[in-house]
2 protein chains.
Amino acid sequence: MTSPPQAKRPVTRADVARLAGVSPAVVSYVLNGTDRPVSPATRTRVEDAIAALRYRPNAIARALRQGTTRTVGLLIPDSSNPLFAELSQEIEAVADAAGYAIILTNARGDVQHEAQQLRNLVDRQVDGLIVISASMVDPYVDQLQAMGLPIVVMDRVGPLPGITTVGVDFELGSSIAVEHMLSHGHRVVAAVLGDDGSPSTIARERGWAGALQAAKAQEGPTVRVPFSREGGYEAGLNLLSRPVPPAAVFISSDLQAVGFLRAAHEIGVAVPEQTAVISFDGSLECQFTWPALSVVEQPLTELAHLAMSALLEGEAGTHTVVQPRLIARASCGCLPAH
Amino acid sequence: MTSPPQAKRPVTRADVARLAGVSPAVVSYVLNGTDRPVSPATRTRVEDAIAALRYRPNAIARALRQGTTRTVGLLIPDSSNPLFAELSQEIEAVADAAGYAIILTNARGDVQHEAQQLRNLVDRQVDGLIVISASMVDPYVDQLQAMGLPIVVMDRVGPLPGITTVGVDFELGSSIAVEHMLSHGHRVVAAVLGDDGSPSTIARERGWAGALQAAKAQEGPTVRVPFSREGGYEAGLNLLSRPVPPAAVFISSDLQAVGFLRAAHEIGVAVPEQTAVISFDGSLECQFTWPALSVVEQPLTELAHLAMSALLEGEAGTHTVVQPRLIARASCGCLPAH
DNA sequence: ATGAAAGCGCTAACAT
DNA sequence: ATGTTAGCGCTTTCAT
């Protein structure tokens with residue numbers, strides 16, 4: 001009688017040790033290749049046993065023992081926002097290269113839920129937290145800080161005292177956009193801004209206003225709408241259905257710009273001929289709008305690298321700011337639409 | 001002399017037990033509220049101690065003990081594809097509601113890397129795997145199956161023998177799209193298809209051809225390009241720069257349709273007047289294209305629910321197929337663009 | 001160069 | 001109703 005079709009008990013370090021005829025410790029020595037001396041002969045025996053049994057170390061047990069999961073928690077407002085989806089992809093790639101896995105959660109624009117998710121990630125013993133565009137109002141965050149859990153906040157310019165941030169210079173980026181408009185000869189630039197009153201919205205507004213002021217140009221009308229295609233559409237309807245639509249508009253985000261373009265098409269305002277547009281972000285979607293959007297691009301790969309290294313090696317409380325760059329396409333009037 | 005500023009050793013179940021004056025086991029009883037009887041008095045003492053110490057159970061230790069991490073691995077081709085980003089968001093929401101966290105990885109279109117990531121997830125002791133649009137060529141998958149780890153494959157119609165799949169009926173969806181074109185009076189429908197020869201591409205082609213045949217209508221030209229905006233753009237250039245552009249085109253995916261529309265604008269072909277278009281997927285992006293895309297929509301929320309329940313409760317090897325539905329907007333000629 | 005043993009934080013079977 | 005204890009699979013002193 002043969003044994004029953006072998007219960008699928010996972011193979012452990014002990015099984016390997018038994019087959020190789022060594023103690024469990026030696027298996028660890030071989031696997032973790034620290035400077036522990038192992039004779040070539042036993043090393044081979046262990047390696048053969050590992051291969052024969054298809055042994056794979058249990059990361060959970062290792063995590064419990066070592067006190068590190070090689071996992072980082074990533075909290076995002078909304079994966080369906082292409083900017084965040086693209087950024088999280090970059091972060092995942094960088095983390096993976098460093099041997100870290102990503103536990104991903106969505107805040108869903110709900111502060112309660114955000115706090116809940118944060119707690120959940122910490123309970124799961126993540127080694128660090130990357131939090132994008134968070135409200136961070138939860139006092140729990142302070143507590144995390146105090147516990148020494150590394151946290152990096154992105155897409156949010158300071159000043160969160162004591163909290164590490166990595167992000168783009170929104171003010172500079174916005175002024176670059178406006179200056180480019182001015183170089184096209186515009187003397188008045190309108191703005192579509194976020195309606196959240198967040199620091200990054202304020203920074204963008206300041207960049208827009210500052211660039212105009214520096215050039216002694218004039219502030220056009222502003223409209224504040226949510227960071228969404230719908231918001232941008234609404235803003236477009238608002239601005240473009242006026243008796244004389246603005247000749248140049250700075251738009252705070254790609255998503256809003258996409259909605260704005262739709263409004264322009266509906267109303268029959270030609271972009272860039274009647275209204276020139278530059279937006280902020282530079283997600284993939286805006287390369288294929290009609291006309292293609294000129295953008296101030298957030299360097300997502302660079303941001304992802306900086307965030308991970310700030311998380312893993314950085315000193316808490318630093319604020320890393322990277323410079324966005326202009327990508328001129330058709331919507332500002334640089335390229336012929338065709 | 002006071003003790004130094006308190007090393008941040010995390011508080012454990014033992015600390016709680018000590019403070020509450022009970023044994024560590026009782027703390028577990030209180031927390032895990034199984035039908036274990038605990039006197040109201042001690043329960044309160046324990047709860048107070050938990051609150052006072054801000055104790056949170058270590059999920060890793062619990063996982064090691066219980067043999068379940070309440071974690072599912074999600075392998076996606078590419079988070080920057082809006083369809084996958086939106087689907088992963090839905091999956092995350094459903095998983096979260098069920099108390100599961102998602103470990104997210106990207107396959108990056110690389111079979112080697114895909115296999116690597118899969119192994120990584122398994123090493124991390126995920127309770128199940130949701131794999132989207134995978135090549136699944138790796139023999140390791142069979143092994144996983146054999147080990148009894150639940151796996152659900154999405155965005156891929158059968159027949160992966162023995163593997164659970166959840167997906168949309170691509171053939172039906174495609175025929176719905178074509179039938180709708182026919183209802184607009186078209187008698188010839190062209191097709192933009194994927195170039196990967198995958199089962200889902202074949203199914204879409206069959207749906208397109210089948211609907212035409214059933215109506216005794218005629219197959220227009222087909223062009224096979226990658227599932228990307230660039231691919232669709234190329235397809236658009238190809239089809240629309242012909243002496244007589246096709247009057248109706250079925251496009252395999254939103255991403256391709258977005259590229260196709262850009263080609264139409266560049267060439268100056270009016271959609272839907274000169275060329276009507278319907279695409280497959282129904283991601284958010286295509287509501288704001290110009291004109292708005294008519295689509296056959298994948299019900300992502302439903303798919304996410306089905307995938308999770310197939311994973312957690314389902315019997316292996318089942319094939320769940322859901323019906324997509326038509327959302328007629330402007331690009332097919334249903335709605336005025338304006 | 002290898003082994004024995006302690007213990008990471010938790011749960012659950014088994015006392016009492 | 002509560003306590004004791006034996007692990008889960010692993011790493012890492014400390015012995016030998």
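Naming convention: chains lettered A, B, ... in sequence-line order (proteins, then strands); numbering from 1 in each chain. All values below were derived from every heavy atom in this structure, side-chain atoms included, with hydrogens, water molecules and symmetry-related copies excluded.
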TODO: Round to a whole Å and report the spacing from CD of A:Q66 to P of D:dT13.
DONE: 11 Å

- [ ] To the nearest Å, give me how far apart CG (B:N58) and P (D:dC8) are.
- [x] 18 Å

Open item on the list: Does D:dA1 have OP1 or OP2 under 4.0 Å away from a side-chain N or O of B:T42?
Closed with: no

Open item on the list: Output the rounded distance in Å from CD1 (A:I50) to C1' (D:dC10).
Closed with: 13 Å

TODO: Could you tell me whether a side-chain N or O of B:T164 sits under 3.5 Å from a main-chain N or O of B:G317, the two making a donor and an acceptor?
DONE: yes

TODO: Using whole Å, report how far CD1 of B:I60 lies from C1' of D:dC8.
DONE: 13 Å

TODO: Using a heavy-atom cut-off of under 4.0 Å over every strand shown, decide if A:V22 touches base, sugar-phosphate, or nothing.
DONE: sugar-phosphate

Open item on the list: At less than 4.0 Å, is any side-chain N or O atom of B:R13 found next to OP1 or OP2 of C:dG9? Yes or no.
Closed with: no

- [ ] Please answer whether the main-chain N or O of A:A98 pairs with a side-chain N or O of A:R70 as donor and acceptor at a distance below 3.5 Å.
- [x] yes

Task: Separation of D:dC10 P from A:L64 CG (nearest whole Å) - done: 12 Å

Open item on the list: Less than 3.5 Å apart, any donor N or O on the side chain of A:E90 or A:T301 sitting next to an acceptor on the other?
Closed with: yes

TODO: When you get a sec, tell me which of D:dT2, C:dA4, C:dC10 is the closest nucleotide to the side chain of B:S39?
DONE: D:dT2

Open item on the list: With nearest nucleotide decided by heavy atoms, which residue, A:P37 or A:P24, maps closer to the 5′ end of DNA chain C?
Closed with: A:P37

TODO: Rounded off to whole Å, could you give me the CG-to-C1' distance for the A:N32 and D:dT13 pair?
DONE: 15 Å

Open item on the list: As a test of reading the structure: which of D:dC10, C:dA12, D:dT2 is closest to the side chain of B:A25, going by heavy atoms?
Closed with: C:dA12

TODO: Output the single nucleotide from D:dA1, D:dC10, C:dG3 whose closest atom is nearest the side chain of A:V26.
DONE: C:dG3

Open item on the list: Taking only side-chain N and O atoms of B:Y29, does any of them lie within less than 4.0 angstrom of OP1 or OP2 on C:dA13?
Closed with: no

- [ ] Let me see the working for A:R124 and A:N120 under side-chain hydrogen bond (donor to acceptor under 3.5 Å, both in side chains), right down to the final yes or no.
- [x] CA-CA 6 Å; A:R124 289 177 183 277; A:N120 205 291; 3.1 Å; yes

Open item on the list: Measure CZ/B:R18 against C1'/D:dG3 and give the value in whole Å, please.
Closed with: 16 Å

Open item on the list: I want to confirm an ordering. Mapping A:S28 and B:A61 to their closest nucleotides on DNA chain D, which one lands closer to the 5' end?
Closed with: B:A61

Open item on the list: Under 4.0 Å from OP1 or OP2 of C:dC8: is there any side-chain N or O of A:Q125 that close?
Closed with: no

TODO: Figure out the CZ/C1' separation between B:R43 and D:dT2, and round it to whole Å.
DONE: 13 Å

Open item on the list: Treating A:E86 as the side-chain partner and A:L300 as the backbone partner, does any N or O pair qualify as donor plus acceptor under 3.5 Å?
Closed with: no

